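Below is one structure, written out as structure tokens, with a few remarks after it.
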Amino acid sequence: MAMKDLKIVGQPVKLRDLDTHVTGETVFYEDVRVPRMLHLKMHRSRYPHARILGIDTSQALSSPGVVTVLTHEDLPGKKLYNALAGAGVGPEDEPVLAFDKVRWKGESVAAVIAETPEQANAAVAKIKVEYEELPAVFDVEEAIKDGAPNLTAHWPNNHYVYPDDHRAAQIRYGDVEKAFAEADHIVEDSYQTQPIEQAPMETNGCIAVPEGDGRITVYSNTQALQFSLDVTAGILDMPTSKLRFVGGTVGGGFGGKVDIQPEPITTLAALRTGRPVKFKYTREEEMQVSSSRSAWRVYVKDGVMNDGRIIARKVTTYQDSGAYLRFSSYACMKHCGHMPGPYTIPNVSVDSIVVFTNRTPSNAMRGFGVMAGSFALEVQMDKIAETIGMDPWELRLINAYREGDMKAHRKEVEDAGMVESILAAAEMAGKQLPENFRNMSSLDRKAG
Amino acid sequence: MASGIVSIKVNGRAEEVVTGAVTTLQDVLRNNLDYTSVKDGCSQGGCGACSVIVDGELRLSCLTPVQEVDGSEVVTLEGLNLSNSITALQQKFIEKYAAQCGFCTPGMMVAITALLDRNANPSRDEIAEALAGNICRCTGYLPIIEAVESIVAEMAGIAGD
Amino acid sequence: MAEYLRPSSLEEAAGMIAAHGSTLAIVAGGTSAMRFAVPYVAYAMGVRGLGMNEIERSSGGLSLGAGVTMRQIRDSLPIPALQDAARGVGGPALQNMATIGGNIFAHPPNGDVATVLLAMDATVTFFTTNGERTQKLEEFYDSGAQADGLLTRIDCAAPGGELVFLKCGRQRFNSRTVISVAACIGLDNGKVGNACIAVGGAGAHPMRCAAAEQALIGRALDDAAITAAGDEAARASSPGTDAVASEWYRRRMVATYLCRALRQIAAG
Amino acid sequence: MTKLRGTGFAAVNYPTGMHLGGDPTQSLVHATTSGNFVVTMSSVDLGQGLKTILAQIAAEALGVPYDTVIVDTGDTDTGPHCTGTFASRTTHRAGNAVIMAAEEARKVMLEVAAEKLEVGVEDLETDGLGNIHVKGVEDKAISVAETAGAAHFELGRTISGRGIYLKPPSPMDPETGESDPDSTQAHACTVAEVEVDTETGDVQVLAIKSAYEVGQQVNPELVKGQIVGGAWMGIGHALQETTAPYYPAIDHAPRDFQTYQMPGAVDMPEVECEVLEIASRNGPFGAKGVGEMVTNSPIPAIVNAINNALGVRITQIPVTPEVVLRALDEKAAGGG
């Protein structure tokens, strides 16, 4: 139950930034005024999969207003990165700027830094990249078939490899096959979500400002300041003490600004030119180039008894990571750990697999890894109800986890409130439930 | 006309812009004149975050060549802040939690001001339609609509006194 | 970046068009040109200063300056179908800017107002270096929508019957067009006397649909005739696929929406 | 024209904090000499109201007025580490870090006040209005401002505190998946009512009604703001939003807000919500997280409502008009 005797926690005090939001005085990163600022624009891959035979920046370099052009050859540190490398996630698979191949349409190839955005755009168009187009793959299940086009030697079968050589993040709890054999009904289906754009009103961007003492201040709209700082320093092989990230007031995130895309290259540009540099994603880049929410394909197979008890649930999920790993292995583990949803099921098997395809790399978005799971499971619950001829509310209440139940990942349920939420929603919807259901609570049963 | 000098009045102040090339009003307001309430959400005419009032009419500054407003009066949210009429609306926004990240808010304020200038007593549907060109990704619009409804009700109350 | 030209007369504008050809973009409201044309040309010519925003009425007919905005149509025109079409274009700010002339040149599937103008059998007038040239909007589109001067005026007679416009979109307001239909039907003793049907978003530009018109003329406006007209219109359509809708869906909606429009007319 | 109505619902749970832990956040709290408290962080406010709720939590834990709490965040030169604003983690992680820092600062504040009032620390309490007084004796009191001034100028003490919250990392067993992945779970059940036009495939969401169980609410209006905004995004996800409209193909990807489909203001139904509070045992004052699950529960509720209306089984999102029509065609042809 809620805490008593609170004075200010629990009160609807006004939102702190609202006073300046309504007058337009809130300072977002882009509202910082910096003199002598240069502008960065990116030349991007036209193909979803191609070998790079050559990059010619000479015409761009001599284009009006251009200060410099950066390609992979200008990177002082690593050519490949993964933002979670510091947390032990690897291998680092994503080029900071493409060199041997491009693996998605829109991949960064060369950065132009010029006096004005228009001059930078004009020079971007003058960069000549010679490509040899390669076959591409866009479907998760096609991608892991033998003979599918391979994106990178890091992932010989186009899927991530978890510890102990597992192709999936997995849960093994009880014996699903035995339970399927005992079940009164088997209910199976597959569920598909598509890539979705976070679409914050403020696109990704930053301004990197050399401070004269060798340090760079980066005004950024990242959702994670130190994380962005550490990753930027890592990519550029520079001491973290040389960087300062300023932000904290962001025009919407929804997961779309944990990516650390603009900061490293903009910081490098500021280091190289000795001048402030701004890199702001256009709306088109935000739509096409910034990470999307992954597409997920989820297969669910349930063993159900006539009385509504789900006794076994087997889930196989393919997460469409796009061309590179980014945070997908994390999301797939989260997806895996979320199964079998808010229900106590004694036999559970989950395989969630990160698959690489030639599409825009995906990354975090509101409900990362969980949204597609909740979608699949809750549409599946209605199919179960229909199959066994049971009221869908009663089905969920029978199976909802209670305090102290054992979850499939072997942790006891704490702070349970699923039953209460279902009952409250039923009441709001005017749903008449039998009394034995109305009296249920999260404390009323401990699974044996 | 071919001189390339554009004269505009912005928030009551006379300004001159010298440009021969296509330059957007948004660029001039944000980057030359530092009216940073004029947000750049898309520069495609799709989000409404750059909305301003030109000669009393709501416009998208990102699709307006500054040359086309030569001789015009331009008002940004900074200009509206100078009048008292917007204060009550701003207070309603605060009361109704009608902004979260705040990036769309300046454009919303300008668009709502333009609506109320045309129609002092809009219905809920008219309010929602008037917001059709202003995207908010945070609030689900309902608090914004409620803030406008509430200021309309208040204005009607005052008028009725 | 394009050099900005500001003609002070129609003659000067026509001269600039003749001189610069396809390296020049015309900016009226700017809502389309500023994004899709101006960044790719050497010259942008602003025509707002030329006026062309008058609405004149004569014997039930209309003469509309090419610079008349969506807002003006909504506020000042007594033709609900045109008002509906204008209301569906963007949000209020965009409607204050977008012009009827621009709408005629809009990229498909846009061009809702032009679709209504086709159903009103409108004419378009261009000011060229050789003087004024007027032609049917339908002929203009059929001949490849090539302008040899500045579009100055759109004229249309009073609708020869009941005129209805319907738009299929994914949102109620400010929706990109999936398809749009406009039908003008004159009933004569319970039978269709004249029919003028136009479809937007179903081809390279808004188009008249003669086959659908023929399916109606001389027949009662009943379910069979309406369905036949819808089918003909769908058959005559060659819509594209975009992020909003597929060709399959668009073709189907042409029939669905035309039938709805015709039923609305039949119901009076 | 046939319009069919349907109702559907969905029950979801949502974990708080980064999966498998290992995601610390720190906070520093110090008093100014005039009795304000500065909470220094480097956490990011995305508009959800992080700065507001951290000030509330700090004020509560310190026992001082909300308006005297200044939240200074967003600079890595001054703010201690925060893993970031995602995974419904900031209320929980940053909130707990603030409490820890505030409690340390409060302890010094009370020690200084005790010395000034010549009583024992255990005899003191704060009134939340800016005063520290002896329990049960209203007028034997000292203001927080006076205490802060005395600490600095007379006693040479800093009223300050350090806080961190770390849920230790819990690796997942590669074979069984055994792990301790979350800190607490929030819950929701959403009911959606829809109307489907069977000729066009258009789906209109008529109502969204939700019960959310989010632990102790720090700020109920901000919770409601998340629920309403999340309902709108959930409607978008369920019916419209995609960057690959013909997935798995990459063609026709939207480039702007004209082609990236989202519901407009006028397409938004009424959103009714009831909030339940079952305290989290480890959340700050019992709070859980709410920012992410608000999108998750409407999506399956809407899809179930569509299936309920049409008697079909759509298993993909977004349920575009085309998806609806193809499902109806298949049903008419005698298929699934």
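Below, read A as the first sequence line, B as the second, and so on, with proteins coming before strands; counting in each chain starts at 1. Model, not experiment: these values are computed from the prediction.
- Using a 4.5 Å cut-off between heavy atoms, D:Met41 does not touch chain A at all.
- Both the backbone and the side chain of A:Thr193 have a heavy atom closer than 4.5 Å to some heavy atom of chain D.
- Classification of the A:His338-D:Tyr14 ring pair by plane angle, with boundaries at 30° and 60°, yields tilted.
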(request) Apply the test side chain to side chain contact (heavy atoms under 4.5 Å, CB included) to residues D:His237 and A:Phe375: give CA-CA distance (whole Å), side-chain angles for both, the deciding distance (0.1 Å), then the verdict. (result) CA-CA 11 Å; D:His237 279 26; A:Phe375 161 66; over 6 Å; no

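- Contact record, A:Gln223 with D:Phe86: NE2-CB, 4.3 Å, taken as the closest heavy-atom pair.
- For the set D:Gly128, D:Ala188, D:Ala59, the entry with the most heavy-atom pairs within less than 4.5 Å of chain A is D:Ala188.
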(message) Walk me through whether A:Met287 and D:Thr243 qualify under side chain to side chain contact (heavy atoms under 4.5 Å, CB included).
(response) CA-CA 7 Å; A:Met287 291 281 181; D:Thr243 58; 5.6 Å; no

(request) In sequence, state the C-alpha distance, the side-chain angles, and the governing distance for A:Lys411 and D:Asp180, and then conclude on salt bridge (Lys or Arg N to Asp or Glu O under 4.0 Å). (result) CA-CA 6 Å; A:Lys411 180 185 177 182; D:Asp180 175 9; 2.6 Å; yes

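- With a threshold of 4.5 angstrom between heavy atoms, A:Ser349 does not approach chain D through any atom at all.
- Proximity to chain D involves both the backbone and the side chain of A:Ile422, based on heavy atoms less than 4.5 angstrom apart.
- Salt bridge D:Lys288/A:Asp415: absent, no basic N to carboxylate O contact under 4.0 Å.
- Inspection of the D:Lys51 and A:Thr249 side chains reveals an N or O donor paired with an N or O acceptor under 3.5 Å.
- Residue A:Pro48 touches chain D through its side chain alone, counting heavy-atom pairs closer than 4.5 Å.
- Heavy atoms closer than 4.5 Å to chain A are found in both the backbone and the side chain of D:Ile317.
- Contacts of A:Lys14 with chain D are made by backbone atoms alone, with heavy-atom separations under 4.5 Å and no side-chain atom involved.
- Proximity to chain D involves both the backbone and the side chain of A:Phe245, based on heavy atoms less than 4.5 angstrom apart.
- For A:Asp139, the parts lying near chain D are the backbone and the side chain together; criterion is any non-hydrogen pair under 4.5 Å.
- For the set D:Ala301, D:Gly47, D:Ala253, the entry with the most heavy-atom pairs within less than 4.5 Å of chain A is D:Ala253.
- A centroid separation of less than 6.0 Å is found between the aromatic rings of A:Tyr401 and D:His187.
- Atom OG1 of D:Thr7 sits about 10.5 Å away from atom NZ of A:Lys431, to the nearest 0.5 Å.
- With a threshold of 4.5 angstrom between heavy atoms, D:Val12 approaches chain A through its backbone and through its side chain.
- A salt bridge between A:Arg366 and D:Glu241 is absent, with no side-chain N of the basic residue lying under 4.0 Å from a carboxylate O of the acidic one.
- Figure legend: cation-pi geometry between A:Arg396 and D:Phe9, with NZ or CZ positioned under 6.0 Å from the six-membered ring centre and within 45° of its axis.
- Contact annotation: the side chain of A:Lys383 approaches that of D:Arg313 to within less than 4.5 Å [non-hydrogen atoms, C-beta and beyond].
- Side-chain contact between A:His166 and D:Glu175 is present, with at least one heavy-atom pair separated by less than 4.5 Å.
- Of the two parts of D:Asp23, neither the backbone nor the side chain holds a non-hydrogen atom closer than 4.5 Å to a non-hydrogen atom of chain A.
- Residue A:Met201 touches chain D through its side chain alone, counting heavy-atom pairs closer than 4.5 Å.
- Both the backbone and the side chain of D:Glu274 come within less than 4.5 Å of a heavy atom in chain A.
- Seen from the ring of D:Tyr66, A:Arg16 counts as a face-on cation partner, given the 6.0 Å and 45° thresholds.
- Contact annotation for D:Ser183: only backbone heavy atoms (N, CA, C, O) come within less than 4.5 Å of a heavy atom of chain A.
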